[in-house]
Amino acid sequence: MARKKAGFYKDDPISGSAFQLIIELDEQELRCMSKSIDSGTIVAFEYFSLDKDQTEDWNDIFYEIKTISKLFNKTYKLVTCFFCTPESILVPEKFLTATSAEDYLNLIYGESNRMDVKYEKLNSTKSLINTYRIKKSLAELFTRQFIIFQTAHVYTSLLNDVMNRRKNDEQLVKLQFYHGHFIIAIFKDSVVQMIQTFPYKLAEDALYYILRCNQQFGIDPKKTIVELSGMIDLNTELYDNLFKVFDQIELNSTEASGIMVEVNKEYPAHYFAPFFKLAL
C-alpha cells in the first residue's frame with residue numbers, strides 16, 4: 001500500500017517538455033520532484049511511504065501511486081530515478097570490464113537473474129566506478145510508465161557532493177538517514193574508505209553499526225567531523241547518543257528555493273536535503 005505523506009506544488013505548469021521528474025526510491029519510501037530544466041527551480045515535491053505486504057508487488061504499488069500523485073501521470077522531457085539500493089560496490093576503473101561488474105556484484109551479493117547491472121563514474125574521483133544492480137521488474141515498470149527514463153544511484157550523488165565540498169577534512173563520517181536504514185560513508189584525507197547501507201529499528205542498532213565502522217577504519221571520534229543529513233530528528237535518543245560519542249557534529253542542508261521554501265516550513269532543512277541535492 002502506498003500512502004501520500006506530503007505534497008507541495010507551485011502554480012501550474014509543473015510538468016511537460018520543460019520539466020524533469022526526479023525520483024528517489026527505496027523499499028520503504030518514494031520521493032519525487034518536478035524541476036524546471038531552464039531555471040533549475042523545483043516546482044513540486046511529493047513524498048510517499050510504501051507499506052508493502054507479502055501479497056503486493058511493485059505493479060500494485062505503482063498503480064496506487066498513480067492514483068494519488070499529481071506528478072506520476074504527467075509527461076516530462078526527462079525522468080531520472082535514483083535507486084537507494086544497498087547492492088553496490090566501488091570499483092577502480094582499471095579493473096572494470098563489461099562482465100567484471102556483474103561478477104563483482106555476484107561475488108558480494110549472490111547471483112540473480114532478476115537484476116540489471118548498472119554503473120556510474122564518480123566525477124569527484126575520476127577513477128572509481130559505482131557498480132550497482134536493480135530489479136529488472138522495477139526498470140520495466142519505469143520504462144512502461146515514462147517514455148524517456150534513466151537510472152542513477154544515491155551513492156554516486158552522495159559521494160560526489162561530499163568529496164567536492166569537503167576536500168580539506170582529515171577525517172569525515174557522513175551519515176544520511178532514511179526511515180528504517182541509513183548510509184554511512186567514511187573519508188580520510190578526502191579519499192573514500194567505505195560506503196554502505198545498514199538497516200535499523202532502534203537507536204542502539206544504528207549506533208552499533210556506526211561505532212563498528214569507525215573502529216574498522218581507525219576513526220578517532222574526538223578528531224572526526226560527523227556530517228548528518230536526512231530523516232533524523234534532533235530530539236531523539238539516536239541523536240543524543242551520537243553527541244556522546246563524537247565531539248564535532250554538523251547538520252548539512254542546501255539553500256532553499258522554489259517549492260523547497262514551503263517544504264522547509266514544515267520539515268527541518270536537513271530532512272530532505274539529500275533528496276533535493278539530487279536535482280543539482
Side-chain angles (χ1 to χ4, degrees), residues 20 22-26 31 33 35 37 40 42 78 80-97 100-101 104-105 108 117-134 150-178 181-198 210 213-214 216-220 223-230 246 248-257 260 269-270 272-280:
Q20 176 186 7
I22 299 171
I23 300 166
E24 183 184 33
L25 177 67
D26 59 54
R31 294 154 289 276
M33 59 184 160
K35 169 189 171 183
I37 295 175
I42 300 170
L78 177 64
T80 304
C81 182
F82 286 83
F83 289 89
C84 193
T85 169
E87 297 187 3
S88 164
I89 55 176
L90 301 181
V91 180
E93 187 174 13
K94 62 182 178 180
F95 296 129
L96 189 72
T97 67
S100 66
Y104 295 144
L105 289 163
I108 300 298
V117 175
K118 308 287 184 180
Y119 38 89
E120 300 166 353
K121 178 179 286 190
L122 297 185
N123 296 328
S124 55
T125 68
K126 307 296 184 184
S127 61
L128 289 177
I129 307 294
N130 179 15
T131 65
Y132 62 98
R133 62 188 192 183
I134 61 175
Q150 66 181 26
T151 64
H153 196 278
V154 170
Y155 284 6
T156 307
S157 172
L158 184 155
L159 291 173
N160 283 332
D161 171 58
V162 173
M163 297 178 77
N164 286 330
R165 287 189 295 107
R166 312 204 66 139
K167 297 180 179 179
N168 299 318
D169 293 321
E170 182 178 347
Q171 294 184 5
L172 175 72
V173 175
K174 171 68 178 184
L175 299 175
Q176 189 160 295
F177 284 90
Y178 299 83
H181 68 279
F182 70 95
I183 300 171
I184 179 172
I186 294 178
F187 305 85
K188 284 187 173 181
D189 297 321
S190 299
V191 177
V192 60
Q193 306 296 306
M194 69 158 288
I195 184 167
Q196 193 170 342
T197 297
F198 291 100
I210 295 167
C213 292
N214 278 258
Q216 181 181 355
F217 290 94
I219 296 298
D220 186 345
K223 298 179 180 179
T224 298
I225 297 174
V226 175
E227 183 179 275
L228 297 180
S229 59
F246 299 99
Q248 303 178 70
I249 296 182
E250 301 177 4
L251 294 175
N252 180 248
S253 60
T254 184
E255 184 178 353
S257 62
M260 294 164 57
H270 68 275
F272 292 115
F275 177 57
F276 289 135
K277 285 188 177 185
L278 300 180
L280 299 178

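Neither side chain, Tyr155 nor Glu120, offers a donor N or O lying under 3.5 Å from an acceptor on the other. When only modelled atom types and interatomic distance are considered, Ser229 and Lys174 share a side-chain donor-acceptor pair under 3.5 Å. No donor-acceptor contact under 3.5 angstrom links the side chains of Thr224 and Gln248, judged on distance only. In the model, Asp26 has no side-chain atom that pairs as donor or acceptor with a side-chain atom of Thr85 under 3.5 Å. Under the 3.5 Å distance criterion, with hydrogens and angles disregarded, no donor-acceptor pair is assigned to the side chains of Lys277 and Asn160.
Applying the salt bridge (Lys or Arg N to Asp or Glu O under 4.0 Å) rule to Lys223 yields no partners; only residues at least two apart in sequence or on another chain are considered. Evaluation of the ring-ring contact (aromatic ring centres under 6.0 Å, His included) rule for Phe276 yields Phe45 as partners, not counting sequence neighbours. By the ring-ring contact (aromatic ring centres under 6.0 Å, His included) test, Phe246 pairs with no residue at all, sequence neighbours left out. With sequence neighbours excluded, the residues satisfying salt bridge (Lys or Arg N to Asp or Glu O under 4.0 Å) with Glu93 are Lys121. A search for side chain to side chain contact (heavy atoms under 4.5 Å, CB included) contacts involving Asp169 returns Arg166, Leu172, Ile225, not counting sequence neighbours. Partners of Glu87 by salt bridge (Lys or Arg N to Asp or Glu O under 4.0 Å), not counting sequence neighbours, listed by chain and number: Arg133.
No side-chain heavy atom of Leu228 sits under 4.5 Å from any side-chain heavy atom of Glu250.
Within 6.0 Å of atom CZ in Phe82, more than 12 heavy atoms from other residues, nucleotides or ligands are found, so the atom counts as buried in its surroundings.
Aromatic ring centroids of His153 and Phe83 lie 6.0 Å or more apart.
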